[in-house]
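Have a look at the structure below, then the notes.
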Protein chains: 6
Amino acid sequence: MARKANKSNVVAYPAKKAARPAEKAADSGVPRQDDGRVMALDLPPGTLSEAMQAYFKKCEEKLGFVPNVLLAYAFDNAKLEAFAAFYNDLMLGPSGLSKLEREMIAVTVSSQNRCYYCLTAHGAAVRVYSGDPALGELMVMNYRAAKLTKKQRAMLDFSVKMTAQSYAIEEEDREALRRVGFSDRDIWDIAAVAGFFNMSNRIASATDMRPNAVYHRQGR
Amino acid sequence: MARKANKSNVVAYPAKKAARPAEKAADSGVPRQDDGRVMALDLPPGTLSEAMQAYFKKCEEKLGFVPNVLLAYAFDNAKLEAFAAFYNDLMLGPSGLSKLEREMIAVTVSSQNRCYYCLTAHGAAVRVYSGDPALGELMVMNYRAAKLTKKQRAMLDFSVKMTAQSYAIEEEDREALRRVGFSDRDIWDIAAVAGFFNMSNRIASATDMRPNAVYHRQGR
Amino acid sequence: MARKANKSNVVAYPAKKAARPAEKAADSGVPRQDDGRVMALDLPPGTLSEAMQAYFKKCEEKLGFVPNVLLAYAFDNAKLEAFAAFYNDLMLGPSGLSKLEREMIAVTVSSQNRCYYCLTAHGAAVRVYSGDPALGELMVMNYRAAKLTKKQRAMLDFSVKMTAQSYAIEEEDREALRRVGFSDRDIWDIAAVAGFFNMSNRIASATDMRPNAVYHRQGR
Amino acid sequence: MARKANKSNVVAYPAKKAARPAEKAADSGVPRQDDGRVMALDLPPGTLSEAMQAYFKKCEEKLGFVPNVLLAYAFDNAKLEAFAAFYNDLMLGPSGLSKLEREMIAVTVSSQNRCYYCLTAHGAAVRVYSGDPALGELMVMNYRAAKLTKKQRAMLDFSVKMTAQSYAIEEEDREALRRVGFSDRDIWDIAAVAGFFNMSNRIASATDMRPNAVYHRQGR
Amino acid sequence: MARKANKSNVVAYPAKKAARPAEKAADSGVPRQDDGRVMALDLPPGTLSEAMQAYFKKCEEKLGFVPNVLLAYAFDNAKLEAFAAFYNDLMLGPSGLSKLEREMIAVTVSSQNRCYYCLTAHGAAVRVYSGDPALGELMVMNYRAAKLTKKQRAMLDFSVKMTAQSYAIEEEDREALRRVGFSDRDIWDIAAVAGFFNMSNRIASATDMRPNAVYHRQGR
Amino acid sequence: MARKANKSNVVAYPAKKAARPAEKAADSGVPRQDDGRVMALDLPPGTLSEAMQAYFKKCEEKLGFVPNVLLAYAFDNAKLEAFAAFYNDLMLGPSGLSKLEREMIAVTVSSQNRCYYCLTAHGAAVRVYSGDPALGELMVMNYRAAKLTKKQRAMLDFSVKMTAQSYAIEEEDREALRRVGFSDRDIWDIAAVAGFFNMSNRIASATDMRPNAVYHRQGR
């Protein structure tokens with residue numbers, strides 16, 4: 001069951017380091033939001049395997065930071081490896097869906113579940129991959145207000161139905177995807193990505209996972 | 001019933017003109033989102049009163065643009081005047097709530113209703129007033145994940161209950177606001193702002209009102 | 001931005017004074033419901049402008065009472081004027097929708113939000129305007145059980161969708177209104193009325209606004 | 001398993017015949033609502049037993065009409081008898097709950113389910129039994145806005161929880177009823193009445209059962 | 001209004017006595033679930049009529065036990081008789097729906113309401129009547145995942161709509177049933193069974209009624 | 001990132017082969033439910049690695065069958081390996097939660113999402129691990145009706161809140177788990193299992209994954 005991190009997959013998307021720190025706010029009476037905390041559970045860091053140490057190093061080099069979700073899983077090397085392998089295959093591996101489309105599903109699902117971590121991290125990815133800041137905002141706020149191709153809309157509608165009432169999905173829902181041009185393998189990938197963020201959103205909210213502050217500025 | 005636009009109130013918040021246009025996206029397969037359209041209803045512009053003409057001119061001078069919501073109402077001068085008077089008293093008039101707090105209510109309510117227009121325009125206002133981009137994002141995404149004072153949290157919880165199940169508000173909800181230090185007049189203002197965005201969100205969604213593109217960049 | 005109360009608009013609808021007081025109940029073990037209280041917030045009355053004093057006087061002459069919603073706003077003359085101007089333009093101003101149709105929207109929306117004040121006051125208006133007590137009850141209880149023209153039904157369905165899930169309104173919803181004969185201006189007016197009562201319902205519930213007892217008897 | 005209709009129970013509540021017919025409406029563009037139809041299913045009348053014939057006759061004498069729900073069941077004498085026996089024991093039989101309290105439960109549950117038939121018929125009963133028209137309206141519109149004793153409020157809260165999420169009722173809910181003074185037998189009766197109207201509301205809506213027009217005027 | 005228990009109707013379905021007791025669990029840290037308790041209300045047993053005594057005796061002979069729901073009602077002979085008469089006519093009396101179909105409705109409705117008592121007792125009935133254990137599980141878990149005829153599916157869809165939003169049922173829902181071959185009398189019976197379990201589910205949950213342990217094994 | 005299937009983890013729980021086939025049903029008019037189909041997507045089987053071939057062989061030896069979820073993933077060896085590694089670490093790896101407790105979470109979450117596959121497969125696991133068939137049924141039907149320790153109840157309440165409204169989880173929810181004795185690491189594990197089944201339920205429903213028929217009989 002050995003699994004290698006595909007080197008070209010380490011960098012989740014072509015982001016640049018955030019250069020300037022958030023400027024000091026005038027005294028607004030509201031506490032500052034970013035404090036570098038990773039999550040609300042107090043779990044001592046585990047001993048990382050060489051593979052995971054190399055993975056973190058590569059994140060630093062390419063992204064400028066290690067995404068907090070990886071730091072959260074780092075209390076247990078086995079869980080971190082299982083998560084990274086699962087995630088990288090899903091979001092960066094071969095698929096009929098582009099990386100942007102997979103991120104659009106990620107953000108649309110995260111919007112249903114109102115997950116601060118995933119909306120921030122993957123909202124940035126949509127802005128960066130698409131080069132269209134407004135598209136990222138629309139996925140966060142209400143994908144129904146976006147201008148999309150019929151195929152993209154069907155993909156997101158399916159993802160939202162999976163999120164809100166998966167028990168009601170039936171053959172006609174799969175047929176709607178086939179009609180706009182998705183293959184059965186594509187349908188699996190849509191289901192897998194939408195399913196995954198229904199997991200990740202919940203784990204992030206359950207542990208109050210905090211996004212790296214740098215995401216807020218990416219792709220604006 | 002005469003009502004004058006308070007000059008100092010014309011500028012909704014201290015924003016700068018957006019300087020550079022959105023850069024050209026790589027071909028992502030997703031249509032560009034911003035097209036300058038104001039809303040989905042085709043209503044010929046009305047004849048603006050002198051007061052309203054002056055109001056629009058002042059918007060241009062101070063903000064660099066006329067907010068699309070005002071252009072939407074401009075098909076009927078009477079409606080535009082009534083709306084502007086109502087809005088300016090509510091969001092910019094004297095109140096125990098700061099302008100930032102009123103905008104925080106606006107965005108939190110708009111998040112419940114998933115209103116693209118209001119989340120974009122008022123999310124920008126929260127970023128600008130607070131000087132904290134993350135705070136704006138949190139109001140858009142999930143206010144429960146934000147670090148807030150007890151008073152601010154109570155104010156937003158009340159606004160969300162008003163939005164989701166106003167029929168269930170009872171004396172104990174008002175008491176909860178009084179306990180953290182709000183006066184009865186403050187409670188009115190919280191109710192009035194939360195109520196107003198439950199109207200505005202719905203009119204914006206019903207007419208597919210589009211936010212000015214410039215908002216996306218403000219306060220980042 | 002001056003705005004005059006249209007004299008012929010002062011009377012919200014052709015009601016008569018309630019003649020006989022509610023008879024004394026047998027001891028039912030339930031407290032009497034009407035006590036003349038206006039709302040749950042304790043706000044000292046403001047100083048009314050001459051225009052507003054005249055407006056209240058006209059209400060007394062024509063309706064026999066000042067609606068409690070106006071008394072509630074009377075703690076602040078600026079807010080009262082803004083509200084009255086906004087309301088009168090909306091519900092009594094020129095529109096492709098009849099006053100009865102606007103009241104039907106008001107009651108249907110208020111039923112979704114279970115607002116005691118608005119259901120009582122505007123339920124009375126539907127009874128009076130239509131001359132059909134059962135129609136008023138149906139709007140309060142379940143508009144789907146009413147016998148309506150296709151156009152009226154489409155108008156109310158749109159209003160209910162705006163109330164329950166405004167984020168899901170799209171072009172096909174507006175098209176459905178156009179197909180049964182509504183113009184884009186009519187659609188604005190439907191949206192404006194439905195939106196307004198989503199505000200008013202919430203402010204009334206948030207402040208426990210109480211309807212004037214006289215409404216219960218009107219149009220029976 | 002013989003069961004006799006208790007003579008003193010035949011009259012559901014002390015109502016008078018409605019004297020004057022609804023006045024002709026001005027042409028409002030809305031169809032008249034009352035047309036004497038009983039329900040949307042076309043079921044030929046069955047042969048009534050002597051007991052049921054006597055029961056209907058007594059209704060005519062005491063109420064001035066046979067409630068439409070009984071006419072609906074009259075397609076099958078066995079079903080009519082089973083329903084009448086079940087209903088009369090529940091609503092008119094011996095209980096620690098007064099008839100008014102049972103009707104208050106009936107209307108509160110029917111409001112959750114938005115059942116036109118039951119809201120109309122039992123809303124009238126609350127008005128008549130209590131002598132307080134506003135109380136009837138409050139049960140129809142939003143029982144949370146009514147002034148009630150703690151015991152009555154607990155009774156209705158339990159009924160609403162049974163209606164909205166019966167699966168979540170646990171010992172602490174029953175304890176809340178015991179704490180305000182209800183016996184275990186009272187709790188059964190509350191559950192039985194709330195349960196019954198969750199059945200009746202649904203059968204009435206499923207068959208579009210129409211209330212007798214006379215109810216609208218009773219107890220005003 | 002006399003009503004006789006039809007002898008052939010006493011046995012609800014062709015079940016055999018459960019032979020072996022549940023085996024002793026390894027110490028799992030979870031309390032054993034079956035303890036023979038009937039419900040959470042403490043109601044002293046009433047004096048049963050001869051008819052009811054005979055009914056209970058026949059249950060013992062044919063089923064091997066008296067269903068706990070009957071023991072729950074036995075605190076009051078009048079209520080027990082009314083319930084038994086109503087139930088037996090509904091579920092065992094003449095109808096265009098087979099007994100299996102009525103039980104399928106019962107379980108599908110009970111699944112919406114998550115009623116442990118009814119899912120257990122009537123889930124067993126579906127397994128026994130159909131001879132297909134998987135069908136019973138599907139009705140309990142998610143009827144949409146079952147392979148059904150169009151007619152059965154329409155019947156269950158109607159029952160679920162009655163359960164979840166009865167207020168939204170209209171003529172087109174009844175037409176959908178007629179189109180697949182149901183008569184108006186069949187529609188009544190579907191509505192009556194779906195309605196009944198919306199009552200029974202709620203009374204069972206409100207009183208924490210516990211199913212006889214023997215049901216778990218029937219029809220496996 | 002290499003990961004080995006722990007040999008002792010291959011068998012998900014101590015089940016025996018199902019011996020007798022489902023008996024032939026009398027002609028009930030309902031199609032038989034079990035047909036050996038794995039899912040609704042038509043995906044040609046991939047080439048399994050040696051590790052995965054061995055894994056499937058061990059399933060056959062120990063369980064008597066390969067769980068259909070593994071057959072579903074077998075169209076792509078990389079996905080199968082990532083899933084198996086992730087799943088086995090989660091449900092069978094070291095944890096403060098017993099395997100039974102993890103299965104109880106799995107079934108409770110699957111009940112919220114009404115997932116036929118997971119309810120069937122993991123409902124069987126709860127019956128087998130606990131030796132208490134009624135406990136398995138309660139997790140499927142309504143965990144609130146089960147007799148549980150305070151700790152187990154808190155664990156399931158948290159899992160259900162994660163499922164229904166993860167966005168509303170806050171520090172007080174985590175504190176409630178700590179108060180009954182869970183460590184921060186336990187909280188992670190609860191969140192991870194509840195999160196995982198929110199993914200798996202949705203992928204299973206989206207692809208109409210069918211459980212192996214043998215599960216229905218296990219642990220009865």
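Predicted model, so just to flag it, every value in this text is computed and none were measured. Protein chains get the first letters and strands the later ones, always in sequence-line order, with residue 1 at the start of each.
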Checklist entry - What distance do E137(D) atom CD and E137(C) atom CD have between them, rounded to the nearest 0.5 Å? => result 6.0 Å
Checklist entry - Using a heavy-atom distance cut-off of less than 4.5 Å, which residues of residues 185-209 of chain D contact chain C? => result none
Checklist entry - Judged by atom type as modelled, is there a donor-acceptor pair below 3.5 Å linking the side chain of N142(C) to the main-chain atoms of R114(D)? => result yes
Checklist outcome for this item: Here the pair of heavy atoms bringing H216(D) nearest to A134(C) is NE2-CB, 3.6 Å
Checklist entry - Going by residue number, which parts of residues 143-162 of chain D are within reach of chain C, meaning a heavy-atom gap below 4.5 Å? => result A145(D), A146(D), K147(D), L148(D), T149(D), Q152(D)
Checklist entry - What part of S110(D) lies closer than 4.5 angstrom to a heavy atom of chain C: side chain, backbone, both or neither? => result neither
Checklist entry - Which one, L138(C), V140(C), L100(C), leads in non-hydrogen pairs under 4.5 Å with chain D? => result L138(C)
Next on the checklist: Counting only heavy atoms not in E172(C) (residues, nucleotides, ligands), do more than 12 fall under 6.0 Å from its CD?
Outcome noted: no
Item to check | Portion of S111(C) that has a non-hydrogen atom of chain D nearer than 4.5 angstrom | outcome: both
Checklist outcome for this item: The reported gap from OG in S130(D) to CD in Q33(C) (rounded to nearest 0.5 angstrom) is 8.5 Å
